[in-house]
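Encoded as C-alpha cells, the structure appears first; notes follow it.
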Amino acid sequence: MGLLNVVPSVGVEDGPVTGSGLSKNGNFSYGYASSGGKRSSMEDFLDTRIDVVDGETVGLFGVFDGHGGARVAEYVKHNLFNNLIKHPKFSTDTKSAIVDAYRHTDSELLKIECNQSKDAGSTSSTAILMGRRLLVANVGDSRAVISRDGNAIAVTRDHKPNQSDERRRIEAAGGFVMWAGTWRVGGVLAVSRAFGDKLLKRYVIADPEIQEEVIDKSLEFLIIASDGLWDVVSNEEAVALIKPIENPENAAKKLMVEAFQKGSADNITCIVVSFLAERGDSSSSNQ
Ligand SMILES: *[C@@H]1O[C@H](CO)[C@@H](O)[C@H](O)[C@H]1NC(C)=O
Ligand SMILES: *[C@@H]1O[C@H](CO)[C@@H](O)[C@H](O)[C@H]1NC(C)=O
Ligand SMILES: *[C@@H]1O[C@H](CO)[C@@H](O)[C@H](O)[C@H]1NC(C)=O
Ligand SMILES: *[C@@H]1O[C@H](CO)[C@@H](O)[C@H](O)[C@H]1NC(C)=O
C-alpha cells in the first residue's frame, strides 16, 4: 500500500492501476500493476483471466505494449484470448491453437486496419497455465521471466531486428534493418515481430515463439512485463527484488516502482503469477 505513494502520478485520477486474483483450485495467484499518467497516452494493456475450458481450470495472462498509438494493443487485449479459448484444439493441441490464435487475430486486425493511414502495432507476451503445464508465447519484447529454485530464467526471447536469425528472415523477405537510435526494421520499428504494423507486415510477423515449462515445486513465480521494466531492471534484479514478497500484487507494484525510480520514461506494466507451494503435493492424488 505504502508503495503507491512513491509513484509520481500525473494526476490523482490517473494513478497506477493494480489488481489481483486467485485461481479457484488454489493453485496459483496473480497480481498486476500498470503505470499511471494520462489514460489517453497509455499504450500498454494487460489481460488476466481464469477460465474453465473443457472442465479444466486455465489461467491466461498477457501484456500488450502498443506502438504508434494504443489501438492495436487494445484490440489484441480484447480478442486474442477469446480466439484462443474457442479454438477447437485448445485442449488437445494447445501449441497449434496458440499459433493459430495469434495468426488469426492478426489477420482479422489487419482487415480493420486497412482504412487507417498511420501504422500501429503491439507486442504480445502471453502465459497459459493448464494443469502442470505453463506455455509462454510471444511476439516482440515484452519479456517473461520465471524464478525456478531461485534462478531467473527468461522464458521468452525478445524479438529485436538485430537478432541474427530475425535479421536474416527480414532480409530474405526483401526488407532491411537499419540503425536509427536503435536497430529498426526499415529504419522504423524497433521490434521484429508484432501484431499490426500493416506497412511492414512482410517483415514484422505475428508468429509467436512458444516455450513450455513444467509447473512443479521448484517453480516459484512468473513475471511478464513491458520493456518499461526490462529497459532498466535486469531479469536477476527483478527476481531478487520480489522473492521476499508473498503477495503478487505487491510484487508487481514493487517492480513498477523500481522501474520508475530507475528513471524509466516508458509505460510500465507488470504481471506476477505466484505458484502456490501447497499445490506441489497434489501431483500424486486428486486431493
Ligand atoms: C506512455 O508512453 C508514451 C509513448 O512513449 C508516452 O508518450 C506516454 O507519456 C506514456 N504514458 C504513460 C501513462 O506512461
Ligand atoms: C474503418 O474506420 C472506422 C472508423 O475510423 C472503423 O469504425 C472501421 O471499423 C474501420 N474498418 C472498416 C473495415 O471499415
Ligand atoms: C490444481 O488443483 C487441482 C485441484 O485441486 C489439482 O487436481 C491439480 O493437480 C492442481 N494442478 C497442479 C498443477 O498441481
Ligand atoms: C542488438 O543491438 C543492441 C543495441 O541496440 C545491443 O545491445 C544488442 O547486444 C544487439 N544484439 C545482437 C544480437 O546483436
Side-chain angles (χ1 to χ4, degrees), residues 35 41-44 63-70 72-73 99 102 106 118-127 136-148 151-213 222-242 255-256 258-270:
S35 59
S41 72
M42 185 61 172
E43 298 181 351
D44 277 5
V63 168
F64 315 107
D65 176 0
H67 48 259
V72 170
V99 173
Y102 267 70
D106 195 45
K118 263 188 69 206
D119 246 14
S122 179
T123 71
S124 172
S125 280
T126 52
V136 182
N138 78 301
V139 295
D141 62 356
S142 300
R143 194 178 310 146
V145 172
I146 57 169
S147 173
R148 190 184 282 288
N151 298 309
I153 303 166
V155 288
T156 57
R157 184 175 75 116
D158 296 350
H159 292 135
K160 292 290 199 183
N162 64 327
Q163 296 272 357
S164 50
D165 58 337
E166 288 293 89
R167 180 177 212 141
R168 247 181 279 121
R169 180 181 59 70
I170 290 162
E171 289 172 351
F176 64 96
V177 172
M178 201 181 90
W179 180 265
T182 183
W183 290 105
R184 295 177 187 275
V185 182
V188 178
L189 187 62
V191 290
S192 57
R193 301 192 196 192
F195 282 96
D197 294 298
K198 62 180 188 300
L199 299 176
L200 294 169
K201 199 74 247 176
R202 270 158 61 198
Y203 325 119
V204 179
I205 58 178
D207 291 357
E209 277 187 275
I210 301 177
Q211 287 202 41
E212 177 158 3
E213 291 286 330
L222 161 76
I223 304 167
I224 313 175
S226 58
D227 62 349
L229 176 72
W230 302 120
D231 282 351
V232 294
V233 176
S234 72
N235 302 353
E236 292 73 21
E237 284 170 336
V239 163
L241 202 61
I242 65 169
L255 292 173
M256 182 183 67
E258 180 75 9
F260 257 117
Q261 289 175 339
K262 287 195 157 177
S264 179
D266 204 348
N267 307 151
I268 305 161
T269 295
C270 308

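The basis for the numbers below is simple: all heavy atoms, side chains too, and nothing from hydrogens, waters or symmetry mates. It should be emphasised that the depicted structure is a prediction, and the values quoted were computed from it without experimental measurement. Just follow the structure's listing: the first ligand is 1, and inside any ligand the first atom is 1.
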Side-chain donor-acceptor pair present, S192, Y203, cut-off under 3.5 Å: no
Proximal atoms of ligand 4 relative to T182 (non-hydrogen, under 4.0 Å): 5 (O)
Salt-bridge criterion met for R157 and E209 (N-O under 4.0 Å): yes
Student check: side-chain heavy atoms of F260 and I268 closer than 4.5 Å: yes
For atom 14 (O) of ligand 4, the protein heavy atom that lies nearest, with its residue and separation: N162 ND2, 3.4 Å
Nearest protein heavy atom under 4.0 Å from atom 7 (O) of ligand 4, yes or no: no
Donor-acceptor pair, side chain of S142 and main chain of F64, under 3.5 angstrom: no
